[in-house]
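To keep things clear, I will list the structure first and then write my remarks on it.
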Amino acid sequence: MSETVTPEYAVLCLPDPSFEKGRVAGLNGTQEKIDAAGRFEASWGNEQTFMPGHYPIYYEWAFRTGDDDVETLAGKIKPQELKGLDVGKLWMNVEDIGYGKNLEYHGRLDPANPDRQGVMPFEGALRMVGPETPTMVQRPGADEKTWVGNLAALLNLGTQYRTTSLATLSGFTQNVIWQEQDDPLLVPPIYGRWYAQQDGSHTLKPAQQGNWLEQLNLDPAYRAAAGLGAEVVRQHQDEFVGRAWEQFSMPRRNLNIELLRLRFAQEVTRATYAKHFAIPATPTEAAINRQIALTNTLHSVVMLDGGQR
């Protein structure tokens, strides 16, 4: 948009695919049409005709210009200095997360603010320039180390109960879970454990501060983000499974087509051989003559035992 715009001008924005493959796929085109489009072929050209239904519309929005031009509006933007521990983050209260006294946190990560006891930071995608905020597993404080160790012990129960008896772990579970021994044990999941180990038997080790699995699961902020992602997957799991099967079925469909073609070629070859080349169990003079006629062009290059052609 130029610096000078028409006042009170209505604008409708419709983002479109830049490449032809995306345009065809967005319109549910066949795989053949998608493959036929060039890898970097633009979805429009000098002779492109914009017709209804010619482009998929993924999103749209509209706005109307005011009385000021872009330069005037840009001049109204005033810089604001951002500083302090509150920029780009919220504070989560984790004094009591419902798993007993071992998981009650009473530390203070913001010493300058006495009201922030038992809270941990939840950062957004954008943050101030500077050192990264350490995860809870990387914090040096005694309260943080104790809390992280107890959280790891709780989360590891989901894996340990598959191989360890109740008697071995009952002391910890009674202190943490506040439940009878005959109640089912339900603990929070270890996010990403199936990626870390194929059988899902990975356990968390707080001492390994540089591992992504420990940083992800032993920090409530990261666990909250992982939980939101897991909820999105749960809500759309049928759609995701359908898409996965669709991607998986395409190669299988092509493979079945190739197998059918090979089987057809095999049957044609077998029928041709049986009709023109096969000699019956009791050879007749007509069958022998047919063989000689069919192989006549080879007689001049086939050597006999005596070296004669």
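Side-chain atoms are counted along with the backbone in the values below, which use heavy atoms only and exclude waters and symmetry mates.
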Under 4.5 Å between any side-chain heavy atoms of [X] and [Y], yes or no?
X	Y	answer
Met136	Met120	yes
Phe19	Pro17	no
Pro15	Trp61	yes
Pro220	Phe122	no
Gln208	Val137	no

Quick one: does [X]'s side chain have a donor or acceptor within less than 3.5 Å of a partner on [Y]'s backbone?
X	Y	answer
Lys89	Pro121	no
Gln117	Arg108	no
Thr159	Thr203	no
Trp147	Leu103	yes
Asp96	Glu104	no
Arg223	Ile190	no
Asn156	Ala152	yes

Could you grab the distance from atom [atom1] of [X] to atom [atom2] of [Y], nearest 0.5 Å is fine?
X	Y	atom1	atom2	result
Tyr59	Leu14	OH	CG	11.5 Å
Asn217	His202	CG	NE2	8.5 Å
Gln209	Leu218	CD	CG	10.5 Å
Arg261	Asn256	CZ	CG	12.0 Å
Thr269	Gln266	OG1	CD	8.0 Å
His299	Ile292	NE2	CD1	6.5 Å

### Query
side-chain contact (heavy atoms from CB on, under 4.5 Å) with Leu154: which of Ile97, Val187, Leu204?
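Of Ile97, Val187, Leu204, side-chain contact (heavy atoms from CB on, under 4.5 Å) with Leu154 is met by Val187 alone.
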Go through the side-chain N and O atoms of [X] and [Y] and say whether any donor and acceptor fall under 3.5 Å apart.
X	Y	result
Tyr105	Glu144	yes
Glu20	Ser43	no
Thr135	Gln138	yes
Asn211	Gln215	no

Is it the case that atom [atom1] in [X] sees more than 12 heavy atoms from other parts of the structure closer than 6.0 Å?
X	atom1	value
Lys33	NZ	no
Tyr191	OH	yes
Trp245	CH2	no
Glu132	CD	no

Measure across [X] and [Y] and return the closest heavy-atom pair with its distance rounded to 0.1 Å.
X	Y	result
Ala226	Leu216	CB-CD1, 4.1 Å
Ala221	Met92	CA-SD, 3.9 Å
Val233	Phe240	CA-CE1, 3.8 Å
Val148	Pro206	CG1-CB, 4.0 Å
Cys13	Phe63	SG-CE2, 3.7 Å

### Message
Grouping I, L, V, M, F, W and Y whenever their side-chain heavy atoms are under 4.5 Å apart, do Trp212 and Tyr222 come out in a common cluster?
### Response
yes
### hydrophobic_cluster_shared for Val268 and Tyr273, side chain cutoff 4.5 Å
no
### Task
Identify whether the distance between the nearest side-chain nitrogen and carboxylate oxygen of Arg263 and Glu267 falls below 4.0 Å.
no
### Message
Less than 4.0 angstrom from a charged side-chain N to a carboxylate O is my criterion; do Arg234 and Glu231 meet it?
### Response
yes
### Task
Please step through side-chain contact (heavy atoms from CB on, under 4.5 Å) for the pair Arg23 and Asp16, ending with a clear verdict.
CA-CA 8 Å; Arg23 187 189 71 83; Asp16 296 321; over 6 Å; no
### side-chain contact (heavy atoms from CB on, under 4.5 Å) between Leu213 and Tyr195, worked out
CA-CA 9 Å; Leu213 198 69; Tyr195 295 96; over 6 Å; no
### Task
Give the C-alpha distance, both sets of side-chain angles, the deciding distance and a yes or no for side-chain contact (heavy atoms from CB on, under 4.5 Å) between Glu41 and Val24.
CA-CA 11 Å; Glu41 180 182 352; Val24 176; over 6 Å; no
